[in-house]
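Single-structure report; data block below.
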Amino acid sequence: MERTTKSSLTQRAEKTKKPLSKVVVLDYDDKPRLKAESEPQSPAKGNGRPSTDVGEGSSKAKRPSVYNPLTDEFDNAVRAVSTRALPTGFTSPPLMEGLVTSVHGVLGPQARPTPIQALSLKHMFRRPLEGSIPPKEKGEWSQTLLASETGSGKSIAYLLPMLQDLKLSELYPDTPSGSEAAPSNTNEKAKEKAAQPRTLLSPRALVLAPTHELSRQLSSFAKALLHAVKLRVLCISQANLPSSPRAPRSLTSARMAKEFDALFGEDAGGEAESALVRRPPRSVDVVVGTPSKILEMVKGRGWDREQPNAEDFWEQDEHGRAIKPKRWTVGKPEIGLEKVEWVVIDEADVLFDPDFQEQTKLILSSISEARGQPIESPPPSVTPDPASPVPINYPFNLLLSTATIPSALAWYLDTYHPKLTRLASPNLHHLPKTLKTEYSSWTGGNRNADIERRLRQVWGEDALSGGRALSKVLVFCNKSTKVEGLGKYLEEKGVANVALTSTSEERKYGSNHHLDGFLRQRGAQAAEQGVAKPLASVDVSKEPHVMITTSLLSRGLDFAPDIKHVFIVDEPRNMVDFLHRAGRSGRAGEKGKVVVFGRVKGRGAGRTEEMRQKIKALRA
Ligand SMILES: Nc1ncnc2c1ncn2[C@@H]1O[C@H](COP(=O)(O)OP(=O)(O)OP(=O)(O)O)[C@@H](O)[C@H]1O
């Protein structure tokens, strides 16, 4: 996930900006850019926050002393939906009874919807709970963006409408997205494909996430929401192995086979598993995974690897004789896309950034093709511009979820999804309100020693405050070498820690065990996690209370409430990165603190001050 080049989308976005003049604002890439002085302020931008209702102006709102550049990128006001009379509880309707039970089972009986969930409950549950409704005409599929700050419950906000719709279309198959509904198309290839006997998994929904860790956490969360409403969720990010067609039966498939047994075993039935809805074996409703893993299963293992050109790549045997390199065959596809009715893109700004967008768009266009409505690409001569949008109408419901909307994504949405419904929380592009900020100064000596000192201070404060548990700390560095160096240093100083980089061995074993003790747990494990040991009995030299990583783990992961501190020891590349790193704490209304390290005096002090101002803007 390391970003090396400036986003081409950002560049294009910049091209479409108005003539530049004096006021300096900052872009996603944190490169100062000039903002046209004459550019009118959107009514909602006055206080740097989206409006709380349609048409709410900013005349009363005071402009903050510092400017939040992120709020400028995304204009919430124009297509904002009404926020009047939002639901204040998880009730039936609009939810099915089973989902109400599950939500309270997961969140507790007193749980109330967060602002983004209230918007979702109001605007995304338009279908009646009983009986079928007429088939949906082409072009009626929904496109929705859910945007709200970190830790504000977006997963539930997008999972509930999707899971409910899947369940309803299973219960009442003669529906718009009824699973057996033939795609309204003329594409012969797709028809032929649909007629073939299927040995593939044919999910009805895909959830895309940027990392295996997040995919695994999301799929277990979705399963937790399905205790009373049975649907089948499969996480295909079981293993973090490189794609190789030569690999023997991989850990992935072994684990998946195990998972299938669990899915289709004795207790696979549920409240609504009547003869009416019983489906053929090996069906699955929701598949969760990274774009590359999903593509690998759609197209076959090794589909994206170039065959070596025999002339260029003759290899030598042990006697120096030239031998022909082996060619490999691409593996068998394991997922069919023709039934996909829902696609969720979690962390949408990442999945549409230069590192992922090619794969993401390929998945979307492959689904469209499999459903018989291939997406027409605009002719290359046309330079897209949000002023004359080129709408893409996918033949499935598209749901994007994100905590940050950089200019590149805003441009992409304006250009290709002009009718997208935008549901945004009032606190979008701001730090969670329960998250405090602290600035810690480097002493000018060994920085690792400064970090160790601050860690021990945190635990000392815990002891003094009579707290029930010792805080866990998440430390973000910019580089893998720094992660490893700090991990080693702390270990030598008697501070047990988990240092994780993208290539860490621990990431290859197909589970989230490497994050044990740090991620939020559910069910029985949650109860265990909540039991605080007497502080005196905790030995930080044996039980890791520190996790050190890069931005790799800054996206989407729901860390445990005892992560009370996030240390930012390197200046993040931009404020989008900062928001995500900081947002691993202070989640779901819990208290947290982000500690930003920097120089207060001498060389580098200017940059620290600049950073301080930018962070202030995220609070304004
Ligand atoms: N209504 C609610 N009441 C209490 N807790 C909630 C509620 N909704 C969600 N949560 C909890 O809040 C935590 C954060 O939720 P979630 O991971 O969905 O946030 P998010 O908005 O997706 O964050 P991020 O942007 O970091 O991915 C989870 O532990 C979730 O169980």
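Order of appearance sets the numbers: ligands from 1, and atoms from 1 within every ligand. We use all heavy atoms of the structure for the numbers below, so side chains are in, but hydrogens, waters and symmetry mates are not.
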- Compute the shortest N/O to N/O distance between Gln117 and ligand 1 and return yes if it is under 3.5 Å, no if not. yes
- Query: Under the side chain to side chain donor-acceptor pair (under 3.5 Å) test, which residues partner Thr434, sequence neighbours left out?
  - Reply: none
- Any non-hydrogen atom of His580 lying under 4.0 Å from ligand 1? no
- Message: Taking Glu296 first and then Lys293, would you say they form a salt bridge - that is, a charged N and a carboxylate O separated by under 4.0 Å?
- Response: yes
- Cation-pi check, Arg520 to Phe559: give yes when NZ or CZ is under 6.0 Å from the six-membered ring centre and within 45° of the ring axis, no otherwise. no
- Starting from atom 7 (C) of ligand 1, locate the nearest protein heavy atom and write down its residue, its atom name and how far away it is, to 0.1 Å. Leu107 CD1, 3.6 Å
- Query: Under 4.0 angstrom from ligand 1, any heavy atom of Glu149?
  - Reply: yes
- N/O of Gly153 under 3.5 Å from N/O of ligand 1, yes or no? yes
- cation_pi(Lys472, Phe518) dist<6.0 Å, angle<=45: yes
- Task: Could you tell me whether ligand 1 has any atom less than 4.0 Å away from a heavy atom of Gly151?
- Result: yes
- Counting both backbone and side chain atoms, is some N or O of Ser148 under 3.5 Å from an N or O of ligand 1? no
- Note on the structure: protein heavy-atom neighbour closest to atom 14 (C) of ligand 1 works out as Asp558 OD1, 3.6 Å
- Non-neighbouring partners of Phe476 that pass ring pair (Phe, Tyr, Trp, His ring centres under 6.0 Å), sequence neighbours left out: none
- Item | For atom 12 (O) of ligand 1, the protein heavy atom that lies nearest, with its residue and separation | Ala588 CB, 3.1 Å
- Item | Contact with ligand 1 for Gly583, non-hydrogen, under 4.0 angstrom | no
